[in-house]
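Order of the sequence lines sets the chain letters (A, B, ...), proteins ahead of strands, with each chain counted from 1.
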Amino acid sequence: MAVDVRGLTGWLRAFADSISEHAAELTQLDAAIGDADHGTNMKRGMQAVTTMLDDSEFETADALLKKVGMTLVSSVGGASGPLYGTFFLRAGTALADTTEIDAADFGAALRAGVEGMVARGKAELGDKTLYDAWAPALTAYDDAGADGDLGAALAAAAAAAARGRDETTPMVARKGRASYLGERSAGHQDPGATSTTLLLESAAASLG
Amino acid sequence: MAVDVRGLTGWLRAFADSISEHAAELTQLDAAIGDADHGTNMKRGMQAVTTMLDDSEFETADALLKKVGMTLVSSVGGASGPLYGTFFLRAGTALADTTEIDAADFGAALRAGVEGMVARGKAELGDKTLYDAWAPALTAYDDAGADGDLGAALAAAAAAAARGRDETTPMVARKGRASYLGERSAGHQDPGATSTTLLLESAAASLG
Amino acid sequence: MKKLINDPADVVKEALLGIEAAHRDRVRVDHENRIVYRADAPVQGKVGLISGGGSGHEPMHGGFVGLGMLDAACAGEVFTSPVPDQMMAATKGVDGGAGVLHIVKNYTGDVMNFEMAAEMAAADAGTEVLSVVTDDDVAVQDSLYTAGRRGVGVTVLLEKIVGAAAEEGRPLAEVADLARRVNDHGRSMGMALTSCTVPSAGKPTFDLSETDMELGVGIHGEPGRQRLPVAPAKDVAALLVDPVLQDLPYGQGDSVIAFVNGMGGTPLIELYIMFHEVSQLLEKAGVTVARSLVGSYITSLEMAGCSVTLLKADDELVRLWDAPVNTPGLRWGV
Amino acid sequence: MKKLINDPADVVKEALLGIEAAHRDRVRVDHENRIVYRADAPVQGKVGLISGGGSGHEPMHGGFVGLGMLDAACAGEVFTSPVPDQMMAATKGVDGGAGVLHIVKNYTGDVMNFEMAAEMAAADAGTEVLSVVTDDDVAVQDSLYTAGRRGVGVTVLLEKIVGAAAEEGRPLAEVADLARRVNDHGRSMGMALTSCTVPSAGKPTFDLSETDMELGVGIHGEPGRQRLPVAPAKDVAALLVDPVLQDLPYGQGDSVIAFVNGMGGTPLIELYIMFHEVSQLLEKAGVTVARSLVGSYITSLEMAGCSVTLLKADDELVRLWDAPVNTPGLRWGV
Ligand SMILES: Nc1ncnc2c1ncn2[C@@H]1O[C@H](COP(=O)(O)OP(=O)(O)O)[C@@H](O)[C@H]1O
Ligand SMILES: Nc1ncnc2c1ncn2[C@@H]1O[C@H](COP(=O)(O)OP(=O)(O)O)[C@@H](O)[C@H]1O
Ligand SMILES: [Mg+2]
Ligand SMILES: [Mg+2]
Ligand SMILES: [Mg+2]
Ligand SMILES: [Mg+2]
């Protein structure tokens with residue numbers, strides 16, 4: 001199955017729903033090692049995206065994803081705004097010249113998005129950030145999707161993200177607000193890695 | 001038994017002890033319908049009196065009581081400072097020309113003190129103030145002490161004060177800070193009437 | 001009880017040491033008498049302005065000492081009026097030959113202690129002393145048979161305005177008249193979301209559940225007139241503004257100095273939200289906001305809550321409000 | 001959650017309406033972009049100073065807009081950095097032809113959003129933009145491998161001092177250098193007695209028992225480095241001042257601007273007690289207090305607690321500190 005504008009829109013709406021549903025949980029995770037706003041931030045952003053989707057028509061995947069990125073950058077703020085925003089901007093850019101998006105194209109877009117995010121946030125593996133969910137997810141996607149099966153790739157990515165998310169719990173944060181806690185940040189699951197897992201689970205459910 | 005400087009000093013020390021012991025209770029009563037400081041105020045004042053007594057020698061009862069009044073005025077503040085201070089100042093003044101203080105003289109001194117206090121505070125019977133303990137106490141003192149028995153007079157005054165204190169509970173305050181509560185002041189015992197009762201109970205115990 | 005204090009008995013003493021350390025340029029402190037003086041007091045030829053009251057309302061009054069406002073402030077124990085000795089000492093200390101005005105908030109203790117001080121000062125001869133009592137709190141019913149209304153927010157505005165008049169060199173009688181005029185033209189009402197805790201008492205003065213607020217609360221944590229379920233800022237504003245507007249009354253075409261005050265534990269962001277609501281209500285009532293003051297100026301320890309004060313202001317009052325003031329708590333024009 | 005607010009989602013919008021209503025004489029508000037502008041912005045020929053950050057720290061930053069301080073402040077959601085669109089709009093709005101300085105507190109979100117704004121402004125061409133990041137919080141270990149230290153109290157002092165320099169007409173590069181110098185010479189440390197409650201979260205960010213305090217807390221209710229039993233003001237002062245003194249380090253003969261800041265729920269009386277303790281500790285260390293600031297200037301909603309900021313101050317910094325400023329939150333000399 002190829003990825004098209006309709007599919008992407010479904011994914012984004014599913015993600016918005018999932019964020020809405022988990023907003024309080026994300027905020028509680030952020031309260032423990034941050035400033036208690038990650039759920040509110042993501043919810044505000046994805047509500048803006050939903051409104052934008054209601055009001056717009058997109059011809060191409062890259063136009064859609066770039067607009068999503070801009071919308072997030074302009075509505076979220078905090079750390080997650082530029083990070084999620086950059087992700088979608090770069091993922092969109094990566095698809096600019098692609099008309100038929102297959103599993104490999106989509107994987108490349110995800111990777112480009114994550115690279116942009118890392119360039120912006122300078123996170124490394126083990127820093128206890130959303131990158132700790134993304135990194136294993138990208139690897140799993142490539143492995144499972146090597147033969148072009150998008151559904152398998154996304155399912156594997158989502159499962160790997162969830163494992164990566166769980167592994168953030170014992171980590172001592174080195175980036176973002178949680179890093180201020182030093183050793184006390186250990187023992188808490190990272191909110192950004194948690195929302196990232198929701199993003200990939202929504203993708204597996206709606207694009208897979 | 002006549003009242004002398006030594007007896008008065010004993011009374012004041014006993015009152016200081018009693019205030020110390022009941023300070024938290026007085027403050028709690030004041031919290032309910034005032035500003036939670038009556039116990040602290042009286043304790044500060046009677047500690048100042050105790051220190052003053054430790055450091056001074058008095059020839060006459062009037063010199064002693066006036067000095068106690070001045071000390072209270074200068075150390076207590078709030079409503080109770082001028083009221084208790086004026087009481088002792090006026091009671092002392094009333095004894096100025098008396099050398100042998102009998103029950104009638106002492107009763108006259110108490111009455112003069114209370115009159116001064118009322119002139120200062122303008123309280124009337126039923127206003128839910130310390131005057132509601134004093135008024136019945138003076139009457140009881142005069143009745144029971146008519147034949148010159150100081151002990152009986154003071155015991156009766158203390159008992160009457162306690163009844164007066166109890167009767168403040170249902171009253172709606174019209175003077176002092178409790179008056180701001182209007183009807184809500186009913187159902188609470190007046191702190192000043194409570195400390196007044198301690199004053200008379202101390203008198204009964206140490207002068208009686 | 002959680003507070004940034006040492007021994008509860010030393011709270012007032014140590015706060016005065018802090019005021020002195022922070023504001024040496026403008027004030028000096030007589031620690032024995034617990035008086036904050038304007039650094040250059042007494043100012044010759046100027047009416048001396050004194051206020052004072054229980055501590056726990058900072059910056060009032062010590063923070064309002066300086067050019068264009070008070071010459072001295074007497075600090076009592078927490079929520080306890082200062083004693084006459086302090087007021088007498090302050091009266092002497094600010095007497096520049098033009099007499100002294102005592103600004104007294106209407107609480108039994110304050111009134112009686114200031115009265116005794118004035119009597120003693122009169123006996124002492126020399127200094128001419130007048131007193132003015134503020135009683136602007138509409139939460140309390142005014143009556144000849146009670147202690148009357150409390151002095152609250154108007155006191156801040158009055159000290160500023162009357163301070164400017166004294167600075168202009170006006171005579172004592174005129175300064176006192178102006179003070180009474182300000183008091184007569186101002187009304188306030190307050191509320192609390194939480195109680196305060198008197199340091200020496202060690203526990204909250206009143207209990208307030210997570211879902212209740214206290215309407216008409218005093219600045220000493222005196223319980224208010226009414227306990228109501230907590231409400232949105234919009235409704236709280238109406239509960240405060242309506243009785244104030246009705247009391248004076250203020251109406252269509254009036255111009256006011258509008259003052260939204262924090263009780264000590266309420267942050268500025270909430271006070272601005274309240275000010276927005278208050279200004280909307282005033283607009284609806286046809287009342288113009290000539291000047292505004294938003295902040296925690298007359299506090300009640302760490303109590304959360306706010307009060308609203310409106311002062312009907314003519315051109316003279318506004319001009320005096322705008323005059324230079326240089327105190328730790330209020331400063332402009334200099 | 002007990003707050004004087006309406007819908008938690010409207011807190012920032014309504015606080016801005018309140019700031020506008022209260023301070024029309026000095027600021028105007030772009031509500032669409034949530035920017036507080038100096039009333040006369042852009043000032044031709046003057047470097048434009050912009051700051052911004054999450055809301056909940058009032059008066060910072062909107063209350064520091066005006067003559068001698070900021071030209072504009074961008075308000076984010078509570079504790080959430082504003083977005084690049086706001087900063088770009090503000091950059092345009094304050095550009096008087098001499099360039100614009102972005103004053104950014106060192107938080108990942110703030111830094112990234114301001115970076116994106118600067119990149120976009122550069123692409124947009126026209127305005128020269130420089131940025132300076134404040135990172136004065138010694139509670140957080142500084143390291144190349146982490147997000148580094150947080151920007152806290154020094155930001156207030158910096159905005160004042162750099163604002164004065166910009167007002168003098170100094171060029172952008174010089175203003176930016178001065179800003180870096182101020183940041184390099186300042187250190188802070190904070191503590192909390194209670195948590196704050198983010199309105200949209202509805203419950204306290206952290207739980208703190210009646211007997212504990214949080215040392216090294218952030219201004220967003222980020223838990224601190226250490227939880228300790230509550231202690232007297234004297235000990236709290238030492239816990240804050242010692243690490244600050246050691247970090248820069250400050251020592252014998254140094255002169256500082258000393259700033260004791262309230263977190264929002266702590267009343268002034270406690271801040272003065274803290275200031276007394278702090279000044280005693282400085283005296284012991286041979287450090288002179290050239291200037292002082294005591295009050296709640298960089299808050300964390302209704303959190304109770306305080307922070308101490310020391311800024312090593314030479315004659316130039318003191319002179320710029322003393323220069324006229326006219327903002328809702330800080331005012332003197334005018
Ligand atoms: N430098 C970074 N790189 C990648 N992710 C980061 C970085 N800093 C923070 N994050 C992610 O952002 C999440 C917090 O987002 P959010 O709470 O919305 O923003 P803020 O920290 O500004 O309040 C963290 O849980 C973490 O996963
Ligand atoms: N006008 C008055 N006349 C007589 N007693 C009064 C008057 N006002 C107050 N009191 C008494 O003073 C008591 C309160 O004293 P205290 O708490 O020490 O002072 P404050 O009210 O200033 O805090 C009241 O309980 C009441 O008995
Ligand atoms: Mg967060
Ligand atoms: Mg009392
Ligand atoms: Mg009192
Ligand atoms: Mg945030």
Side-chain angles (χ1 to χ4, degrees), chain B residues 23-24 26-45 47-48 69-86 89 117 119-124 126-129 172-185 188 192, chain C residues 8-9 52-54 56 74-86 88 107-117 120 137 139-141 143-150 195-207 216-227 300:
Chain B
L26 294 171
T27 289
Q28 266 320 101
L29 289 173
D30 196 26
I33 52 171
D35 59 350
D37 63 357
H38 186 58
T40 317
N41 289 346
M42 292 303 299
K43 193 170 158 186
R44 184 174 59 251
Q47 275 173 346
M70 291 301 297
T71 304
L72 290 174
V73 167
S74 301
S75 65
V76 178
S80 44
L83 293 171
Y84 271 89
T86 300
L89 279 169
M117 209 157 72
R120 175 73 53 217
K122 317 269 178 325
E124 295 178 20
D127 280 356
K128 194 179 184 108
T129 72
V172 171
R174 279 193 303 261
K175 285 283 164 1
R177 210 175 284 280
S179 69
Y180 306 140
L181 275 103
E183 302 290 333
R184 280 176 84 190
S185 62
H188 300 276
Chain C
C74 304
E77 284 297 328
V78 171
F79 292 172
T80 302
S81 155
V83 300
D85 312 51
Q86 294 174 272
M88 284 193 296
Y107 298 96
T108 306
D110 293 66
V111 170
M112 290 192 302
N113 282 283
F114 267 101
E115 260 173 26
M116 291 185 93
M120 289 160 162
D137 190 343
V140 174
Q141 246 156 12
S143 150
L144 274 180
Y145 309 102
T146 67
R149 287 193 311 232
R150 297 176 287 222
S195 175
C196 52
T197 297
V198 177
S200 62
K203 41 187 170 178
T205 299
F206 54 92
D207 288 318
V217 79
I219 56 168
H220 306 89
E222 304 102 319
R225 279 246 149 181
Q226 226 184 329
R227 188 157 294 189
S300 186

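- The distance from atom CD of C/Q86 to atom CG of C/N113, rounded to the nearest 0.5 Å, is 8.5 Å.
- Residue B/E124: no heavy atom, backbone or side chain, is found under 4.5 Å from chain C.
- Ranked by non-hydrogen atom pairs under 4.5 Å with chain B, the options C/P84, C/P82, C/G76 are led by C/P84.
- Both the backbone and the side chain of C/V83 come within contact range of chain B, with heavy atoms under 4.5 Å apart.
- Only the side chain of B/R184 comes within contact range of chain C, with at least one heavy atom under 4.5 Å from a heavy atom of that chain.
- Rounded to the nearest 0.5 angstrom, C/K203 NZ and B/Q28 CD are separated by 4.0 Å.
- Most heavy-atom pairs under 4.5 Å with chain C, from the set B/R174, B/R120, B/R44: that is B/R120.
- Contact of the B/K43 side chain with the B/T27 side chain is not registered, since no non-hydrogen atoms from C-beta on lie closer than 4.5 Å.
- Interface remark: B/A32 contributes backbone atoms only to the contact with chain C (heavy atom separation under 4.5 Å).
- To the nearest 0.5 Å, atoms CD1 (B/I33) and CZ (B/R177) are separated by 11.5 Å.
- Among the candidates B/G78, B/G121, B/A79, B/S179, the residue making the largest number of heavy-atom pairs closer than 4.5 Å to chain C is B/G78.
- Between B/L83 atom CG and C/T108 atom OG1 the span is 8.5 Å, to the nearest 0.5 Å.
- Of all the listed residues (C/G224, C/G54, C/S195), the one sharing the greatest number of non-hydrogen pairs under 4.5 Å with chain B is C/G224.
- Using a 4.5 Å cut-off between heavy atoms, C/Y107 touches chain B through backbone and side chain atoms alike.
- A distance of 5.0 Å separates CE in C/M116 from CE in C/M120, rounded to the nearest 0.5 Å.
- For B/T40, the part lying near chain C is the side chain, with the backbone staying farther off; criterion is any non-hydrogen pair under 4.5 Å.
- Only the backbone of C/V78 comes within less than 4.5 Å of a heavy atom in chain B; its side chain stays farther off.
- Just one residue in the list C/S200, C/S300, C/P199 forms a side-chain contact (heavy atoms from CB on, under 4.5 Å) with C/F79, and that residue is C/S300.
- One finds the OG atom of B/S74 at 7.0 Å from the CE atom of C/M88 (value rounded to the nearest 0.5 Å).
- With a 4.5 angstrom heavy-atom cutoff, B/S75 touches chain C only via backbone atoms.
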